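Small disclaimer: the values here were computed from a predicted structure and weren't measured. Scope of the values below: all heavy atoms of this structure, side chains included, with no hydrogens, waters or symmetry mates. Both counts, for ligands and for their atoms, begin at 1 and track the order of listing.
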Amino acid sequence: MMLLIDAGNTRIKWALSSVDKAVTGGWLQQGAVGRADVATLLQAWSGLVVPAAGMQVCVSNVAGPALRDSLQAILQEAFGPRAIVEWFASTAERAGVRNGYRHPGQLGCDRFAAAIGARALFPDEELLVVTCGTATTIDVLSATGVFEGGMILPGFGTMATSLALNTAQLPRIDGAAPPEKVFADNTVDAIVSGCIAAQVGAIEHALAQRQLARPRARVRCLLSGGAGVLLAPYLRLGDTALEKVDNLVLLGLQTAMNHGR
Ligand SMILES: Nc1ncnc2c1ncn2[C@@H]1O[C@H](COP(=O)(O)OP(=O)(O)O)[C@@H](O)[C@H]1O
Ligand SMILES: CC(C)(COP(=O)(O)O)[C@@H](O)C(=O)NCCC(=O)O
Ligand SMILES: [K+]
């Protein structure tokens, strides 16, 4: 049994996985909580049955040291010394993915995990790995498993919130429905439409740049993260296949754990 944890800047996602190495995904249980509700994880995890050999835990945390301390305390309280915890980190190579960052440790460990998960799902394919969370990241993984590099931009929610914070007249748009028209006739729809355009535009631009650089290569685009569902219907990727994948980071942690260091 393995407890996999993806602590992002907005939400903490987790899943309990069996140790059957042949299976990718196949969660026994899963959940997600907002960062402010991290304490509620104690209740969720205290009920888990701990195997005799202990509970293997793998955490990807990009949400800072305070959240790490909270998670550490919760894991300690839930499992005590029976928790065997790995704090997943970006390294030069893991589970068949080579990290092309100049300083490998600087790459967000969620991005490295997502790349490992992507390669487990589509081995030997060139992939554009897009994660639409607090930030949107757009990363290129070569068919030979090299994380070649990527882009970071404000995520959909972060973009919209920054407008509300930095202007006098623009409201927050939390939970707004997708707009009926691209060129909107009201403020909320205009913000949503603009932020969708920025996100979708960045993804399409990234794909076009990759195709310019390698015209004959086939690329598959993987879309993950909280805002992925909102954005997917607007993406126009031509011949490029689009796969919506839940929990790419958790899949990557599972793959990395099964692969060993
Ligand atoms: N139902 C939804 N519709 C649109 N956007 C959503 C929805 N749920 C979450 N989001 C967006 O997803 C982002 C959080 O996604 P998540 O993958 O949990 O981020 P992180 O990994 O950074 O914690 C928020 O910025 C929010 O904009
Ligand atoms: C880019 C990120 C903020 C994404 O975080 P998220 O949206 O998943 O909360 C995170 O991967 C991070 O802090 N990266 C470190 C810098 C880098 O990857 O280059
Ligand atoms: K992200």
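Among the backbone and side-chain atoms of Ala135, an N/O/S atom is found under 3.4 Å from the K ion (ligand 3).
Every atom of ligand 2 is numbered from 1 in the order shown, and the set under 4.0 Å from a heavy atom of Thr134 is 7 (O), 9 (O). Within the listing of ligand 2, atoms 11 (O), 17 (C), 18 (O), 19 (O) sit less than 4.0 angstrom from a heavy atom of Arg111. Heavy-atom proximity to Leu107, at under 4.0 Å, picks out these atoms of ligand 2: 18 (O). Close approach of ligand 1 to Gly157 (heavy-atom distance below 4.0 Å) involves ligand atoms 25 (O), 27 (O). Close contacts of ligand 1 with Gly225, meaning ligand atoms under 4.0 Å from a residue heavy atom, involve 17 (O). Heavy-atom contacts of Thr134 reach the following atoms of ligand 1: 19 (O), 20 (P), 22 (O), 23 (O) (cutoff under 4.0 Å).
Between Trp45 and Trp14, the ring planes lie perpendicular to each other; the angle is over 60°, past the 30° to 60° tilted range.
Looking at Leu128 and Val140, their side chains come closer than 4.5 Å, going by heavy atoms from C-beta outward.
Polar contact with ligand 1: present for Arg11 (N/O pair, distance under 3.5 Å). In terms of polar-atom proximity, Gly226 is counted as a contact of ligand 1, with an N or O under 3.5 Å from an N or O of the ligand. The shortest N/O to N/O separation between Gly108 and ligand 2 falls below 3.5 Å.
Atom 19 (O) of ligand 1 has its closest protein heavy atom at Gly133 CA, 3.4 Å. In terms of protein heavy atoms, atom 19 (O) of ligand 2 is closest to Tyr101 OH, 2.6 Å. In terms of protein heavy-atom proximity, atom 3 (N) of ligand 1 is closest to Leu230 CB, 4.3 Å. Looking from atom 16 (C) of ligand 2 to the surrounding protein, the closest heavy atom is Gln106 O, 3.5 Å. Looking at atom 13 (O) of ligand 2, its nearest protein heavy atom turns out to be Val62 CB, 4.2 Å. When hydrogens are left out, the protein atom nearest atom 7 (O) of ligand 2 is Ala135 N, 2.8 Å; that is the closest non-hydrogen contact.
A donor-acceptor contact under 3.5 angstrom links the side chains of Asn247 and Gln30, judged on distance only. With 3.5 Å as the limit, one finds no donor-acceptor pair spanning the side chains of Thr131 and Ser224.
The backbone N or O of Thr40 sits nowhere less than 3.5 Å from a side-chain atom of Asp37 that would complete a donor-acceptor pair. Judged by distance alone, with hydrogens and angles left aside, the side-chain atoms of Arg94 form no donor-acceptor pair with the main-chain N or O of Phe112 at under 3.5 Å. Between the side chain of Thr161 and the backbone N or O of Gly157, at least one donor-acceptor pair lies under 3.5 Å. Panel note: side chain Lys13, backbone Arg11; a donor-acceptor pair is recorded below 3.5 Å. For the pair Gln254 (side chain) and Ser17 (backbone), a donor-acceptor distance under 3.5 Å is absent. In this structure, the side chain of Thr167 engages the main chain of Leu163 through a donor-acceptor pair within 3.5 Å. Thr255 places no side-chain N or O within 3.5 Å of a backbone atom of Ala120 that could act as its donor or acceptor partner.
Taking all heavy atoms of Val249, Asn9, Thr137, Asp110 into account, the minimum distance to atom 8 (O) of ligand 2 is reached by Asp110. In this structure, of Ala227, Pro154, Ala7, the residue bringing a heavy atom nearest to atom 12 (O) of ligand 1 is Ala227.
Using a 4.0 Å threshold on non-hydrogen atoms, atom 17 (O) of ligand 1 counts as touching the protein.
Contacts with ligand 2 closer than 4.0 Å are made by no heavy atom of Thr10, backbone or side chain. Contacts between Lys13 and ligand 1, counted as non-hydrogen atom pairs separated by less than 4.0 Å, involve the side chain only.
Screening Arg210, Arg220, Arg119 for a salt bridge (Lys or Arg N to Asp or Glu O under 4.0 Å) with Glu126, the sole residue that qualifies is Arg210.
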Task: Worked verdict on Phe88 versus Asn61 for side chain to side chain contact (heavy atoms under 4.5 Å, CB included) - done: CA-CA 8 Å; Phe88 184 76; Asn61 173 39; over 6 Å; no
